[in-house]
Undergrad: 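My structure is below; once you've seen it, I'll send some questions.
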Amino acid sequence: MDIVVLIKQVPGTSNVRMDPVTGVMIRDASETVMNPLDEHAVAEAARIKALNPGTSVTAITMGPGSAKKILTEACARGADRGILLSHRTFGGSDTIATARVLAAAIQKQGTFDIILAGEKATDGETGQTGPMTATLLNIPVITFVRRLSVEGGNIRAQRLVEEGVEEVEAKLPALITVVREIITPPLPTLRNYVVARKLSFPVWGPEDLGLKENETGLKGSATRVVKVFSPKLSRNTEFITAGQGEGAGPAVRTIFEALEKRDLLKR
């Protein structure tokens, strides 16, 4: 069995910076980590691999050269190899352009039975890239999966929905996006880290994937961030001071009038 895990390098949640002109996230400006939900996808891939001897796991990420460190982490957590998709023309890709690059890379890397990914990335919160990638590959997709099992050429999954839990089945190959509940990622061992740091990862650009320049990056994106701004909170605070005795009455009336004016009191 061949498993592909899609992972992403994201900024620490307290270190996110945006380019105010292009609306693109500045990814090399702060400490970055593997997308937390992708850790669960890697751990699930390692679990399936342990249950099915002969299974191989390939981690794929798109990003700058610094993203190699999360490929190293994925291999320390159970992946067998990693592939970095990196080129200046990939910069600024929206979810559609990103899915186009990922789908091309998945086809190039060889055969695959299961594609795993986190349900969403913490830097975008869209949850679109996984399903879009499956659409481009013309394979089934199951989202928000909390449990899965492989039986022959089929995959059975429990997915979280608003009404509770839904059980579904699909033929392989299929793409699965997972939620935190699927598995608790174990910490990688020091030995696995030492082995993973010795691995080298191929770097693929648009020419390797057979993609044209207008199919990736800002040119290949159907959506565009038109404005980036920080919300401004304004408060008109009024202090009412009441003294002893008769001074309390007017102060209380002023407060009640202010609450009534804002329709915050019910008679």
Side-chain angles (χ1 to χ4, degrees), residues 7-41 43 63 70 91-99 117-132 141-147 157-168 176-185 218 221-267:
I7 61 177
K8 187 178 184 181
Q9 176 182 256
V10 298
T13 53
S14 61
N15 298 317
V16 177
R17 288 182 58 195
M18 302 290 291
D19 186 322
V21 177
T22 63
V24 175
M25 186 172 295
I26 303 173
R27 298 189 180 275
D28 58 352
S30 60
E31 183 180 354
T32 55
V33 297
M34 183 191 297
N35 179 47
L37 284 166
D38 294 345
E39 293 181 10
H40 297 262
I70 68 167
S93 295
D94 67 357
T95 53
I96 296 175
T98 299
E119 62 164 305
K120 60 184 178 181
T122 56
D123 60 352
E125 297 283 341
T126 66
Q128 297 173 350
T129 304
M132 286 179 176
V141 57
I142 307 176
T143 55
F144 307 112
V145 173
R146 73 164 192 173
R147 297 283 186 277
Q158 294 181 359
R159 60 188 302 265
L160 295 180
V161 294
E162 292 183 358
E163 295 79 12
V165 178
E166 181 180 63
E167 294 188 357
V168 296
I176 310 297
T177 68
V178 304
V179 296
R180 297 179 185 277
E181 291 82 355
I182 194 165
I183 191 172
T184 300
L218 291 173
S221 298
T223 60
R224 189 72 56 90
V225 177
V226 296
K227 186 177 181 181
V228 178
F229 64 94
S230 299
K232 295 181 180 180
L233 300 177
S234 60
R235 295 184 177 89
N236 296 322
T237 304
E238 180 181 358
F239 290 94
I240 301 171
T241 304
Q244 296 290 335
E246 296 181 357
V252 171
R253 283 194 296 272
T254 301
I255 293 174
F256 269 86
E257 289 173 359
L259 294 175
E260 288 178 344
K261 184 177 181 180
R262 293 167 173 79
D263 198 24
L264 297 176
L265 290 180
K266 292 184 178 180
R267 295 185 179 275

Undergrad: Shortest non-hydrogen contact from Gln9 to Thr32?
TA: OE1-OG1, 3.1 Å
Undergrad: Using modelled atom types only, decide if a donor and an acceptor are shared between the side chain of Arg159 and the backbone of Thr143 within a distance under 3.5 Å.
TA: yes
Undergrad: From Glu119 CD over to Leu160 CG, what is the distance, rounded to the nearest 0.5 angstrom?
TA: 8.5 Å
Undergrad: Write down the atom of Gly118, the atom of Ala41, and the distance for their closest heavy-atom approach.
TA: N-CB, 4.0 Å
Undergrad: Considering only heavy atoms from C-beta outward, does the side chain of Thr122 approach that of Leu37 to under 4.5 Å?
TA: no
Undergrad: Rounded to the nearest 0.5 Å, what separates atom CE in Met132 from atom CD1 in Ile96?
TA: 4.5 Å
Undergrad: Looking at every non-hydrogen atom in both residues, tell me the closest pair between Pro131 and Thr177 and how far apart they are.
TA: CD-CG2, 4.5 Å
Undergrad: Heavy atoms only: give me the nearest Val10-Pro36 pair and the separation to one decimal.
TA: CG2-CD, 4.3 Å
Undergrad: Could you tell me if the side chain of Lys8 sits less than 4.5 Å from the side chain of Asp123, heavy atoms only?
TA: yes
Undergrad: Can you tell me how far CZ of Arg147 sits from CD1 of Ile182, rounded to the nearest 0.5 angstrom?
TA: 7.5 Å
Undergrad: What closest approach, in Å, do Ala222 and Asp94 show between heavy atoms, and which atom pair accounts for it?
TA: N-OD2, 3.0 Å
Undergrad: Does the His40 side chain pair with the main chain of Arg180, one donor and one acceptor, at a distance under 3.5 Å?
TA: yes
Undergrad: Work out which heavy atom in Ile70 is nearest to a heavy atom in Met34; give both atom names and the distance.
TA: O-CE, 3.5 Å
